[in-house]
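The block underneath contains the structure these notes are about, expressed in structure tokens.
Below, chains carry the letters A, B, ... as their sequence lines are ordered, and counting in each starts from 1. Nothing here was measured: the structure is a model prediction, and the numbers come from that model.
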Amino acid sequence: MIQLSILRNDPQAIIERLALKNYNAKSLVDEILKCDDERRFTQKTLDDNLAESNKIAKTIGEFFKSGKAQEANALKETTVELKKTAKDLEEKLNGLESTLNGLLVQLPNPPHSSIKPGKTPEDNEIVYSEGKMPELAESAVPHWDLAARYNLIDFELGNKITGAGFPVYKGKGARLQRALINFFLDNAVAAGFTEIQPPLMVNEASAYGTGQLPDKDGQMYHAQIDNLYLIPTAEVPVTNLYRDMILKEKDFPIKNVAYSACFRREAGSYGKDVRGLNRLHQFDKVEIVQIQHPDKSYETLEEMREYVCGLLRKLELPFRVLKLCGGDMSFTSALTYDMEVWSAAQQRWLEVSSVSNFESYQANRMKLRYKSDDGKINLAHTLNGSALALPRIVASLLENNQTEAGIVIPKALISYTGFEIIN
RNA sequence: GGAGAGAUGGCCGAGUGGUCGAAGGCGCACGCCUGGAAAGUGUGUAACCGCCAAAAGUGGUUCAUGGGUUCGAAUCCCAUUCUCUCCGCCA
């Protein structure tokens, strides 16, 4: 969430920047500032009251010690009223604090100053594109047909044992999945990331820390008996590794990579978008997460973007990079690049990665801070990106590389798959 | 799941009603020592929220969490959570 001190300092600037996300923050900001004023006033009153009580308690102690029980007992009387008002004030303060927090959490992250306004994905800016669109034969088919033809993925079997959106990978399909996971992990480790195997379920505090709660709880699977959430992305556990920590400046940058299965309820999705591998309830993803000094986070964002492009290049997939407009950005992001690959048989672009700088938005929620060399404590910046999400990569690999003879595996992957063609 | 023990600062660990934000040690930072380092030695070393234009200063809060007893709680009581040990079950 946004830092209260910044909001207090220049509320107008925040309101203007949030307008880029098509979010009218005026009334909420006013409410926050009003609540904050009241909170500070209440605390001042309470603090004064407690200071008085503390003083009296100390005096009573001294009286008892020096044998003046009478004076001590007399003083006790005077505390009755103080205690009563202290209790009232404390309740009021607690109420105000939780109200304030509840309001603050509703404010999205203000976008970076370079973000352009916009309402729909069509307003996103294409900042880069690379690769040649394959020209497929007349007989080319979408990946779900290829998956069935070569017995790679069984959607029906997934329906039977779990439900829609939980495919079963088989044979070379399963092997291709494993190859991609290893390929992505090896590349990340070579680029200096530390491999992490995180839990696939997280507690409430973690889901809150990265911003899934309180707004998007309907998007996560929830194991209610134990109050745990299935992770929608490895970002959640891997970023929360650093929750409630004060890092040292020399710890930066922290670079972690994790493979995990991801679980998303995708409530409300339907139609052609969800066909085949386009949108699943469970899918595999390799995620990179960085924690960085605020002065360097945008530099790091560009590095991460370039890193992801490098992976797509190695896989020989035509891709483009979008810089998201204000309206298409997520609640928690300050700047997001989406990478899309061309899916030749579907004739559409598929999002396979989203690389974002959250600045201090997540860090503030999870109290992830660092101590600078001069001893000051500040919030760190968090960033993450898919590198990469598997299903749509698989979809476009299958579609783009289909030939009469079978599906050709890109060179970079062959040492991982152990085969050159699927036929 | 059953029985028991426990939760204190970055870490270890003392503290059973006031002088305790908390001994001691480790770690860390800076200095001395040294040709340099190690050892030794000295000093310092929590976070959060207020007040103040800000720094300085100062008030408050925090010894797992939430409540209670008390003029006063790390210390006593209750609940919750978590950890450990033993038993059971088990990849």
Side-chain angles (χ1 to χ4, degrees), chain A residues 1-11 32-105 197 199-209 223-229 237 240-252 254 261 291 360 363-380:
Chain A
M1 65 192 157
I2 191 162
Q3 284 170 266
L4 186 54
S5 55
I6 291 174
L7 187 65
R8 220 187 275 162
N9 238 6
D10 193 353
I32 288 170
L33 293 177
K34 193 171 142 243
C35 185
D36 181 46
D37 271 347
E38 205 182 338
R39 175 196 127 243
R40 280 146 74 199
F41 176 77
T42 307
Q43 185 179 342
K44 175 84 178 104
T45 317
L46 175 62
D47 283 358
D48 291 347
N49 174 300
L50 291 175
E52 181 71 16
S53 299
N54 289 343
K55 222 164 79 185
I56 293 173
K58 210 164 264 180
T59 311
I60 291 174
E62 279 158 19
F63 276 146
F64 273 126
K65 219 181 297 170
S66 53
K68 299 179 188 162
Q70 199 129 33
E71 283 90 333
N73 285 321
L75 254 189
K76 278 193 199 177
E77 306 282 316
T78 67
T79 63
V80 175
E81 196 59 29
L82 278 173
K83 277 179 72 172
K84 203 169 142 276
T85 47
K87 189 157 189 183
D88 291 346
L89 285 167
E90 214 166 302
E91 255 166 52
K92 189 174 169 199
L93 184 63
N94 285 341
L96 285 166
E97 275 172 356
S98 71
T99 305
L100 181 62
N101 202 56
L103 294 171
L104 270 174
V105 155
Q197 273 197 31
L200 302 182
M201 299 182 108
V202 294
N203 58 28
E204 240 175 308
S206 297
Y208 177 85
Q224 296 196 0
I225 293 179
D226 298 295
N227 198 23
L228 296 173
Y229 293 88
N240 273 283
L241 255 25
Y242 302 90
R243 171 151 48 85
D244 286 322
M245 277 181 89
I246 299 177
L247 303 164
K248 292 187 182 129
E249 205 164 338
K250 65 172 191 235
D251 294 335
F252 293 131
I254 289 174
I291 297 168
S360 62
N364 193 30
R365 284 187 171 212
M366 65 173 82
K367 300 292 166 256
L368 196 187
R369 294 162 294 171
Y370 71 96
K371 190 176 247 177
S372 62
D373 294 337
D374 61 6
K376 288 225 171 72
I377 288 173
N378 285 307
L379 292 168

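- B/G67 and B/C86 have their P atoms separated by 36 Å, given to the nearest Å.
- Pairing of B/A14, defined by two Watson-Crick or G-U wobble distances under 3.5 Å, is not identified with any nucleotide.
- One atom, CG of A/Asn94, and another, C1' of B/G66, lie 11 Å apart when rounded to the nearest Å.
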What's touching nucleotides 68-70 of chain B from the protein side, N or O pairs under 3.5 Å?
| residue | atom | partner | partner atom | Å |
| --- | --- | --- | --- | --- |
| B/G68 | OP1 | A/Lys87 | NZ | 2.8 |

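- In a base pair of the Watson-Crick type (N1 to N3 plus N6-O4 or O6-N4) or a G-U wobble (N1-O2 and O6-N3), with each distance short of 3.5 Å, B/G4 is matched with B/C84.
- Each of A/Lys248 and A/Gln43 has a nearest nucleotide on RNA chain B; the 5'-most of these lies closest to A/Lys248.
- For A/Lys55, no side-chain nitrogen or oxygen approaches OP1 or OP2 of B/G59 to under 4.0 Å.
- Regarding A/Asp48, its CG atom lies at a distance of 9 Å from the P atom of B/G60, rounded to whole Å.
- Nucleotide B/C28 is matched to B/G44 when pairs are restricted to Watson-Crick or G-U wobble geometry with both distances under 3.5 angstrom.
- Here A/Arg369 reaches the OP1 or OP2 of B/C48: one of its side-chain N or O atoms lies under 4.0 Å away.
- Taking atom P in both B/A73 and B/U19, one finds a spacing of 10 Å when rounded to whole Å.
- A donor-acceptor pair is defined here as one N or O able to donate and one able to accept, closer than 3.5 Å; no such pair exists between the side chain of A/Ser360 and the backbone of A/Asn364.
- The partner of B/G59 is B/C49, by the rule that a Watson-Crick or G-U pair needs both atom distances under 3.5 Å.
- Between the C1' atom of B/U61 and the CG atom of A/Leu93 lies a distance of 10 Å, rounded to the nearest Å.
- Between B/C12 and B/C63, the two C1' atoms lie 15 Å apart (nearest whole Å).
- Nucleotide B/A74: unpaired (no Watson-Crick or G-U wobble partner with both distances less than 3.5 Å).
- When atom types are taken as modelled, the side chain of A/Arg365 and the backbone of A/Tyr208 share a donor-acceptor pair closer than 3.5 angstrom.
- Between B/U41 and B/C77, the two P atoms lie 42 Å apart (nearest whole Å).
- Regarding contacts with the backbone of B/G50, a side-chain N or O of A/Arg39 is found under 4.0 angstrom from either OP1 or OP2.
- Salt-bridge formation is not detected for the pair A/Lys44/A/Asp47: no Lys NZ or Arg NE/NH1/NH2 atom is positioned less than 4.0 Å from an Asp or Glu carboxylate oxygen.
- Remark: B/G21 base-pairs with no nucleotide; criterion is Watson-Crick or G-U wobble with both hydrogen-bond distances under 3.5 Å.
- Interatomic distance, A/Leu96 CG to A/Thr42 OG1, rounded to the nearest 0.5 Å: 5.0 Å.
- In this structure a side-chain-to-backbone donor-acceptor pair under 3.5 Å is missing from A/Ser206 to A/Val202.
- Other residues, nucleotides and ligands contribute over 12 non-hydrogen atoms within 6.0 Å of the CD atom of A/Glu249.
- Counting only heavy atoms from C-beta on, A/Asp47 has its side chain closest to B/G60 among B/G60, B/A47, B/G18.
- Toward the 5' end of RNA chain B, the nearer of the two residues A/Ile246 and A/Lys44, judged by each one's closest nucleotide, is A/Ile246.
- Which of B/A47, B/U61, B/C71 sits closest to the side chain of A/Leu50 comes down to B/U61.
- Defined by atom type and a distance below 3.5 Å, a donor-acceptor pair is missing between the side-chain atoms of A/Asp88 and A/Thr85.
- Nucleotide B/G35 is matched to nothing when pairs are restricted to Watson-Crick or G-U wobble geometry with both distances under 3.5 angstrom.
- Using a 4.0 Å heavy-atom distance criterion, A/Ile377 is classed as a sugar-phosphate-only contact.
- With both ends at atom C1', the span from B/G68 to B/C51 equals 32 Å, rounded to whole Å.
- If you measure from atom CG of A/Leu368 to atom C1' of B/A47, you get 15 Å, rounded to the nearest angstrom.
- Nucleotides B/C33 and B/G27 place their P atoms 22 Å apart, quoted to the nearest Å.
- In this structure, B/A79 and B/U65 make a Watson-Crick or G-U wobble pair, each of the two defining distances being under 3.5 angstrom.
- Atom P of nucleotide B/C48 and atom NZ of A/Lys371 are separated by 9 Å, given to the nearest angstrom.
- If you measure from atom CD of A/Glu38 to atom P of B/G50, you get 15 Å, rounded to the nearest angstrom.
- For A/Arg40, whose side chain is taken as the heavy atoms from C-beta onward, the closest listed nucleotide among B/C51, B/A46, B/U61 is B/C51.
- Remark: side-chain polar atoms of A/Asn378 are not paired, donor with acceptor, to backbone N or O of A/Tyr370 under 3.5 angstrom.
- With hydrogens and angles ignored, the 3.5 Å screen pairs a side-chain donor or acceptor of A/Thr59 with a backbone N or O of A/Lys55.
- The side chain of A/Ala51 approaches B/G59 more closely than any other nucleotide in the set B/G59, B/C51, B/C71.
- Phosphate contact (OP1/OP2 of B/G72, side-chain N/O of A/Asn54, threshold under 4.0 Å): absent.
- Of the possible donor and acceptor atoms, none in the side chain of A/Asp37 sits under 3.5 Å from a partner among the backbone N and O of A/Lys34.
- Taking atom C1' in both B/A22 and B/A39, one finds a spacing of 31 Å when rounded to whole Å.
- For the P atoms, the distance linking B/U43 with B/A55 amounts to 30 Å, nearest Å.
- If you check every strand for non-hydrogen atoms under 4.0 Å, A/Lys250 touches nothing.
- We find that CD of A/Glu249 is positioned 19 Å from P of B/C28, with the value rounded to whole Å.
- Between the CD atom of A/Glu90 and the P atom of B/G67 there is a distance of 8 Å, rounded to whole Å.
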